[in-house]
Amino acid sequence: LQDFGPMHKAEMRARTTGAVLRPNSIPMMAETMSPMPMQKESKSSIWYAIVPIGVLILGAFVGFYVNGYSALIADGQSAIFANGMFTFDAIIQAFGASDASVVLFIAAMFACVVAIIMGLTKKLFNIQEALDTVLTGIKSMNITVVILLLAWSLAGIIGELGTSTFLVGQLSDVIKPFMLPAIVFVLGSIISFATGTSYGTMGILMPLAVPLAWSIDPTADYLILNIGAVLTGAIFGDHCSPISDTTILSSMGAAVDHMDHVKTQMPYALSIAGLSITIYLLAGLGINVWLTLIIGVAMVIALVRFVGKPVG
């Protein structure tokens, strides 16, 4: 096992002194939440997690189909289901026509109700404690919701102003084709790190990157490459931004100091981002995608081998 940067120091501290947390650190869980007091001693069970999550997943899939089916029927496209309601093509069309935000909200509410019923049945808490916990969870998502709303609003404004058309006209003859994927990746990384949201970044960049890429090189491979640059750039910030919901939840789940978690992950994220820029430049030059993947894997292995330090 090899690590580098602050993570190596943390690993060495844990192995040599047994101190998992840095002295004077503030664990994220202790800072934001306190465990719910149980009304009686009870045996923990993995089913307390599996059942609500299973309801969420199953409810989402069923909801996608039902919601999309209703939308298609209301739109007069019943011919899609002429060969059967559950053919592969019919399911794809129904999923594509569904309103994901509505479906996921309803599925999450069902999962929440199931979790509350399970807890009440097992007498793990009373109804007041359950509702208080739900409200606390909702409050913790306020910042994420605001950021997403602002990002979606910005994306809508960009569309209304015709920003993509303007950029296509200004940049299609200026940017070298091989440079665009790397530029898109860097922009996605910066925006996602600043906003802390991957979906918001995708909403901002996708309407800009796709038309610009198509105007520079109208081929499917080049378009997919730039779409991939948007997605991976967005994930960069979502992984290491201090205000990202996933970063915050990771700190909470591990019960570690939030900024310590950010600092230990940052060198890894930045290193892979640097390698990714190189790979996108190579792919933009037309190098075979499988060869670029092999080169990328080799670069990661070399990074860990020559930069990483053993901790065992």
Side-chain angles (χ1 to χ4, degrees), residues 46-47 49-118 145 148-149 151-153 155-156 158-160 162 164-165 168 180-181 184 188 197-235 238 245-246 283 286 288-290 292-293:
I46 192 173
W47 293 105
I50 290 178
V51 173
I53 293 174
V55 170
L56 173 64
I57 296 173
L58 180 62
F61 277 102
V62 173
F64 285 141
Y65 179 83
V66 173
N67 185 271
Y69 174 83
S70 301
L72 290 172
I73 295 298
D75 197 36
Q77 301 185 46
S78 57
I80 294 175
F81 305 98
N83 296 325
M85 293 178 57
F86 300 106
T87 62
F88 185 69
D89 184 61
I91 293 174
I92 291 177
Q93 293 293 333
F95 272 51
S98 64
D99 188 333
S101 58
V102 172
V103 172
L104 290 176
F105 176 78
I106 295 175
M109 290 299 295
F110 270 115
C112 185
V113 170
V114 169
I116 291 175
I117 292 174
M118 290 179 65
V145 171
L148 283 173
L149 287 175
W152 291 333
S153 299
I158 287 173
E160 291 296 325
S164 59
T165 304
V168 168
L180 183 60
V184 169
T197 168
S198 56
Y199 286 117
T201 302
M202 295 171 196
I204 293 170
L205 272 185
M206 202 67 79
L208 303 178
V210 171
L212 183 57
W214 188 257
S215 68
I216 292 176
D217 184 356
T219 60
D221 290 343
Y222 190 71
L223 182 62
I224 292 172
L225 179 61
N226 282 276
I227 291 175
V230 173
L231 301 179
T232 50
I235 294 300
D238 203 32
D245 54 343
T246 51
N288 182 272
V289 63
W290 294 108
T292 58
L293 288 175

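Remember, it's a predicted structure, so these values are computed and weren't measured experimentally.
- Applying the ring pair (Phe, Tyr, Trp, His ring centres under 6.0 Å) test to residues at least two apart or on different chains, the pairs with a partner in residues 88-113 are F64-F95.
- The line from CG of L212 to CG of L180 is 5.0 Å long, rounded to the nearest 0.5 Å.
- To the nearest 0.5 angstrom, I80 atom CD1 is 11.5 Å from I92 atom CD1.
- Looking at D75, its side chain never comes within 3.5 Å of a backbone N or O of Q77 through a donor-acceptor pair.
- The heavy-atom pair separating A90 from G84 by the smallest distance is CB-O, 3.6 Å.
- Shortest non-hydrogen contact noted between T201 and G188 is CG2-O, 3.6 Å.
- For the atom pair CG of L104 and CG of D99, the computed distance is 9.0 Å after rounding to the nearest 0.5 Å.
- Within the model, atoms CG of D238 and OG1 of T232 stand 12.5 Å from one another, a figure rounded to the nearest 0.5 Å.
- The heavy-atom pair separating V103 from A60 by the smallest distance is CG1-O, 3.5 Å.
- Partners of I50 under the side-chain contact (heavy atoms from CB on, under 4.5 Å) rule, at least two apart in sequence or in another chain, are I46, W47.
- For F81, the ring pair (Phe, Tyr, Trp, His ring centres under 6.0 Å) criterion is met by Y69, not counting sequence neighbours.
- S78 meets the side-chain contact (heavy atoms from CB on, under 4.5 Å) test with I73; sequence neighbours excluded.
- I57 has its side chain within reach of I53: a pair of non-hydrogen atoms, C-beta onward, lies under 4.5 Å apart.
- The two residues P52 and A115 have their closest heavy-atom pair at CG-CB, 3.9 Å.
- Counted within 6.0 Å of CE on M85, heavy atoms from surrounding residues, nucleotides or ligands total more than 12; the atom is thus considered enclosed.
- For D89 and T87, the side-chain atoms include no donor-acceptor pair closer than 3.5 Å.
- With sequence neighbours excluded, the residues forming a side-chain contact (heavy atoms from CB on, under 4.5 Å) with I116 are C112, L120, I127, A130, V134, listed by chain and number.
- The side-chain contact (heavy atoms from CB on, under 4.5 Å) test applied to V62 returns L58, V66, not counting sequence neighbours.
- Residue M206 holds its CE atom at 10.0 Å from CG of N226, rounded to the nearest 0.5 Å.
- The heavy-atom pair separating V230 from M202 by the smallest distance is CG1-CA, 4.1 Å.
- The distance from the CG atom of L231 to the CG atom of L205 is 10.0 Å, given to the nearest 0.5 Å.
- Contact detail for A97 and N67: the closest heavy-atom pair is O-OD1, 4.5 Å.
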